[in-house]
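It should be emphasised that the depicted structure is a prediction, and the values quoted were computed from it without experimental measurement. Each chain gets a letter, A, B and so on, in the order the sequences are listed, and its residues count up from 1.
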2 protein chains.
Amino acid sequence: MADWQPTPVDWTSTRGRILLAASELFAQRGYFGTSTRDIAEAVAIRQPSLFHHFSAKHEIFRTLIDMDLGPSIGRVRSRLTEQTTWGEKLHLTVASDVREMLVQPFDARGLYQDAVLAMSEFVQEKRGIEIFHDLVEELIRSGTRDGEFVECDAGFVLRAANGVLFETLREQGGPRGRMRVQRPLQAADFVLRALLVEPADLDRIRAVTQRRLSEAAVPAGG
Amino acid sequence: MADWQPTPVDWTSTRGRILLAASELFAQRGYFGTSTRDIAEAVAIRQPSLFHHFSAKHEIFRTLIDMDLGPSIGRVRSRLTEQTTWGEKLHLTVASDVREMLVQPFDARGLYQDAVLAMSEFVQEKRGIEIFHDLVEELIRSGTRDGEFVECDAGFVLRAANGVLFETLREQGGPRGRMRVQRPLQAADFVLRALLVEPADLDRIRAVTQRRLSEAAVPAGG
DNA sequence: GTCTATAAAATGATAGAC
DNA sequence: GTCTATCATTTTATAGAC
C-alpha cells in the first residue's frame, strides 16, 4: 500500500456497488453505526452474500481507505518532484485533494475517523496516513526554510490544513452533493493565505493551480 | 439549551466519573464503538448501575455535548457585545474555544461527529451547533463588511476555522495530553492570517487576546 | 445506589443448498 | 454468486433483591 494505484473498480458490479453503498453509509452513520445488514439492504442482496465479496466488514473499509489514500500519496510525491515553488506545490496539493474527494464516485468522509482507525485491523492504513502526513510536513518545512512560508510549527500547520480539507468535504455533503466548483481553490487559498510570507503571490499561485487542475485529471505519476 | 450555564458537576461523584470516563471512551473509540459495559467497567460499577444515573446511553452523550456547547455559545455571544475590532473578537473566540476544550476535565473530541448527531435523539444538540455556527458566521461577515477581513464565503470560512479547531484538539490528544500552551494562539493566528486584510495587525491582535486569556477564565457573561 | 439475573434485539459471521 | 437457516456474541435496557 502507501503508493500503488489500486486496481480500477467496476462500480456497476456487485462488489463495486457494495463499496459505493458502504462508503455512503459509513459517511452518514459511521463505521460502527453501519451494520452489514444495512449495506446488504442498500445493494439489494442478503446479508450473508456480502461475505462472498469481502471476507469481513473491515475489509470493505480497508479497501475504501486504500482507494482514497493511495492516489493522495501519489499526488504529493509527484508534487515534490516538480520544479515549482513550495507555494505552488502546497496550493495544488490541497486543491487537488479536495477536488479528487469531490469527484470520485465513493464518499470518503467516513474513512478517517480515529475511533475506527484505532482498531488493530487498520495498522497498515494508519501507517499510510502517517506517510502522507510526513510528505506534506516536509513540503511545509521546506517552504519555511526557503522563506516562502512564515515561521511555524509544521506539524501544527499540517493538522490545520487537514482540518480545512475535511471540513470542506463535510460541508459539501460528499460526492453526492452538488459540487461547488470553487471549493478546491477556496480551501487551498485559505491554507496558503495563512502561510505565505508574501500574500500578494497568491493570485499568481492560484492561476497556476487553476491551469494544472483544468489539464484533465492532474496525473499523479507526473 | 443553546445558552444556559449547565449546573456544575462534581467530578468525584459517580455521575461525574461516568461523564468523565464516557467522554474519554467516546473520544478514543467513538459513540457507537463504546458500550455501556465499557463505561461501567471504567467507573468500576456494574453495567446496569449506569441506568440509575442516566436513563439511556444517549443521555450521557447529550449531557456532555450540552456542557461543552452551552459555554461556547455564551462566549461568542459575549464577544459580539464587546467594543473591540472584528479581528480581536474572532481571534479571542478561536483561542478561548481551543483553550477551554483543552482545560476542561472531560474530553470533547468524540462529541461532534455527524454520524452520531444524525440520530433523532440529538435534534436539540444539532440546533445548538447551528446557533453557534450562525453567531460565528455573523462575526465573519461583519469583519468582511467593515473591511477588516478579505472578501470570502463566510459559510466556508466558518467551516475551515472549525476544522482547524478540531484538528488542533485531535492532535493534542484531548485534556489528558500535556497541553502545549501555545496551541490556542497558534490556531487563532492561523485563522486570522487567512482572513486579515492587514496581516500586520496580527501582532497587536494577538497581544490583546493574550492579555484577555490571562485574565483568569475569560468570563463568558461579560 | 449498587447488585444479580435476564430479557429482547441486533450484530458479524458460517454452513450448506441451489 | 446468491440464497435460507442459524450460531455465537454482544448490545441496551429492565426487574427486583439487598
Inspect the surroundings of CD in E121(A) and state if more than 12 heavy atoms from other residues, nucleotides or ligands are less than 6.0 Å away.
-> yes
Mind running a 4.0 Å heavy-atom check of residues 36-60 of chain A against DNA chain C and sending the residues that fall below it, in number order?
-> T36(A), R37(A), Q47(A), P48(A), F51(A), A56(A), K57(A)
Which of parallel (below 30°), tilted (30 to 60°) and perpendicular (above 60°) describes W11(B) and F106(B)?
-> tilted
Which atom of V76(A) lies closest to which atom of V136(A), heavy atoms considered = CG1-CG2, 4.2 Å
Could you give the CZ-to-C1' distance, from R15(A) to dT2(D), as a whole number of Å?
-> 17 Å
Rounded distance (Å) that lies between atom P of dT10(D) and atom CZ of R29(B) = 12 Å
Check whether the ring centres of F166(B) and F166(A) lie less than 6.0 Å apart, and answer yes or no.
-> no
Using the C1' atoms of the five pairs at each end, what is the angle between the end axes of the helix from dG1(C)-dC18(D) to dC18(C)-dG1(D), to 10°?
-> 0°
Please work out if T34(A) contacts a base, only the sugar-phosphate, or nothing of the nucleic acid, heavy-atom cut-off 4.0 Å.
-> sugar-phosphate
Are OP1 or OP2 of dT10(D) and a side-chain N or O of S35(B) less than 4.0 angstrom apart?
-> no
Below 4.0 angstrom from OP1 or OP2 of dT2(D), is there any side-chain N or O of T14(A)?
-> yes
Classify the ring geometry between F190(B) and F156(A) as parallel (under 30°), tilted (30 to 60°) or perpendicular (over 60°).
-> perpendicular
Of R109(B), R170(B), R29(B), which is the lone residue that meets salt bridge (charged side-chain N to carboxylate O under 4.0 Å, His left out) with D114(A)?
-> R170(B)
Could you please spell out the steps behind the side-chain hydrogen bond (donor to acceptor under 3.5 Å, both in side chains) verdict for D38(B) and S35(B)?
-> CA-CA 5 Å; D38(B) 296 333; S35(B) 72; 3.2 Å; yes
Parallel, tilted or perpendicular: which describes the rings of H58(A) and F122(A), with under 30° parallel and over 60° perpendicular?
-> perpendicular
